[in-house]
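Just so you know, these numbers come straight off a predicted model, no measurement behind them. Note that these values count all heavy atoms, side chains included, but never hydrogens, waters or copies made by symmetry.
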Amino acid sequence: MDRTEWQTSVVTTSDHNYDMGSLFISEDLWKIVGPTEQGAQDWGVGGELAVWQSEDQGATWKKIKVLTEQSDLSHSYVRKAVNFKSPFCFFWADGHSHQSSKSELYFGNFNGDIWKMPYTMTEDFEKPIRIK
């Protein structure tokens, strides 16, 4: 492979130009976590989250897990946690794609475990709510 030029490959398609996820690169595997599945609001930012994996440095991709399903709101803006350690591998928010709505914060890991932060916090430290 010529290492002096960008190589591109298709992972999947999206219905919104703001749909974004994060890329995780390890020695043998590349993974992407993002809103690649159809969500509650058509043609809007976000959707349901999935994990995609490449074993050939991004030349080909395979969906290995769907993280969220049948959500009332769309999930998006998945961010990789710096120096992550499971279960806090990536985090994101949800919300309605076409109108003002409540937005909540989530985090999860590659096993499909997901936690939501309490919407209202009354203490300096609050426990996350395991939802999957």
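- With hydrogens and angles ignored, the 3.5 Å screen pairs no side-chain donor or acceptor of E48 with any backbone N or O of V66.
- Within the 4.5 Å cutoff, the side chain of L49 has heavy atoms near those of the W92 side chain.
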Run the side-chain contact (heavy atoms from CB on, under 4.5 Å) test on I129 and W115 for me, step by step, so that the C-alpha distance in whole Å, both residues' side-chain angles and the decisive distance to 0.1 Å come before the verdict.
CA-CA 5 Å; I129 303 156; W115 288 262; over 6 Å; no
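- One finds the CG atom of L67 at 7.5 Å from the NZ atom of K65 (value rounded to the nearest 0.5 Å).
- When atom types are taken as modelled, the side chain of E126 and the backbone of E123 share a donor-acceptor pair closer than 3.5 angstrom.
- L23 contributes atom CG, which lies 5.5 Å from atom CD1 of I32 (distance to the nearest 0.5 angstrom).
- Closest approach of P118 and P128 over heavy atoms only: CD-CA, 4.2 Å.
- Residues Y18 and S76 have side chains not in contact (no heavy-atom distance under 4.5 Å, counting atoms from C-beta outward).
- Residues passing the side-chain hydrogen bond (donor to acceptor under 3.5 Å, both in side chains) test with Y106 are D94, sequence neighbours excluded.
- With values rounded to the nearest 0.5 angstrom, S54 atom OG is found 9.5 Å from I25 atom CD1.
- Residues passing the ring-ring contact (aromatic ring centres under 6.0 Å, His included) test with F84, sequence neighbours excluded: F24.
- A search for side-chain hydrogen bond (donor to acceptor under 3.5 Å, both in side chains) contacts involving D113 returns N109, R130, not counting sequence neighbours.
- With rounding to the nearest 0.5 Å, the separation of CD in Q57 from CG in D28 is 9.5 Å.
- The local environment of CG in N17 is crowded, with over 12 non-hydrogen atoms from other residues, nucleotides or ligands closer than 6.0 Å.
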Practice prompt. Apply side-chain contact (heavy atoms from CB on, under 4.5 Å) to the pair C89 and F110, showing each step before the final yes or no.
Written response: CA-CA 8 Å; C89 300; F110 293 104; 4.2 Å; yes
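- Residue I64 comes nearest to Q53 through the heavy atom pair CD1-OE1, 3.4 Å, listed as atom of the first residue, atom of the second, then distance.
- Legend: side chain to side chain donor-acceptor pair (under 3.5 Å) pairs involving residues 31-47, not counting sequence neighbours, sorted by first then second residue: T36-W52, E37-K63, Q38-D42, Q41-S74, Q41-S97.
- Side chain to side chain, S100 and H96 fail the donor-acceptor criterion of an N or O pair below 3.5 Å.
- Grouping Ile, Leu, Val, Met, Phe, Trp and Tyr by side-chain contacts under 4.5 Å, direct or through others, leaves L29 on its own.
- With sequence neighbours excluded, no residue satisfies side-chain hydrogen bond (donor to acceptor under 3.5 Å, both in side chains) with S101.
- Taking the ring-ring contact (aromatic ring centres under 6.0 Å, His included) definition, one finds that Y77 meets it with nothing, sequence neighbours left out.
- Residues passing the side-chain contact (heavy atoms from CB on, under 4.5 Å) test with A93, sequence neighbours excluded: S103, L105.
- Side-chain N or O atoms of S9 include none that pairs as donor or acceptor with a backbone N or O of T60 at under 3.5 Å.
- Qualifying ring-ring contact (aromatic ring centres under 6.0 Å, His included) partners for W30, counting only residues two or more places apart in sequence or in other chains: none.
- At distances below 3.5 Å, at least one donor-acceptor pair connects side-chain atoms of S22 with backbone N or O atoms of V78.
- We find the NZ-CZ distance between K80 and F90 to be 12.0 Å, quoted to the nearest 0.5 Å.
- Qualifying side-chain hydrogen bond (donor to acceptor under 3.5 Å, both in side chains) partners for D19, counting only residues two or more places apart in sequence or in other chains: S14.
- Scored by the salt bridge (charged side-chain N to carboxylate O under 4.0 Å, His left out) test, E104 finds K102, K116 as partners (sequence neighbours excluded).
- By the criterion of side-chain heavy atoms lying less than 4.5 angstrom apart, applied directly or through intervening Ile, Leu, Val, Met, Phe, Trp or Tyr residues, I131 is not grouped with M117; the two fall into different hydrophobic clusters.
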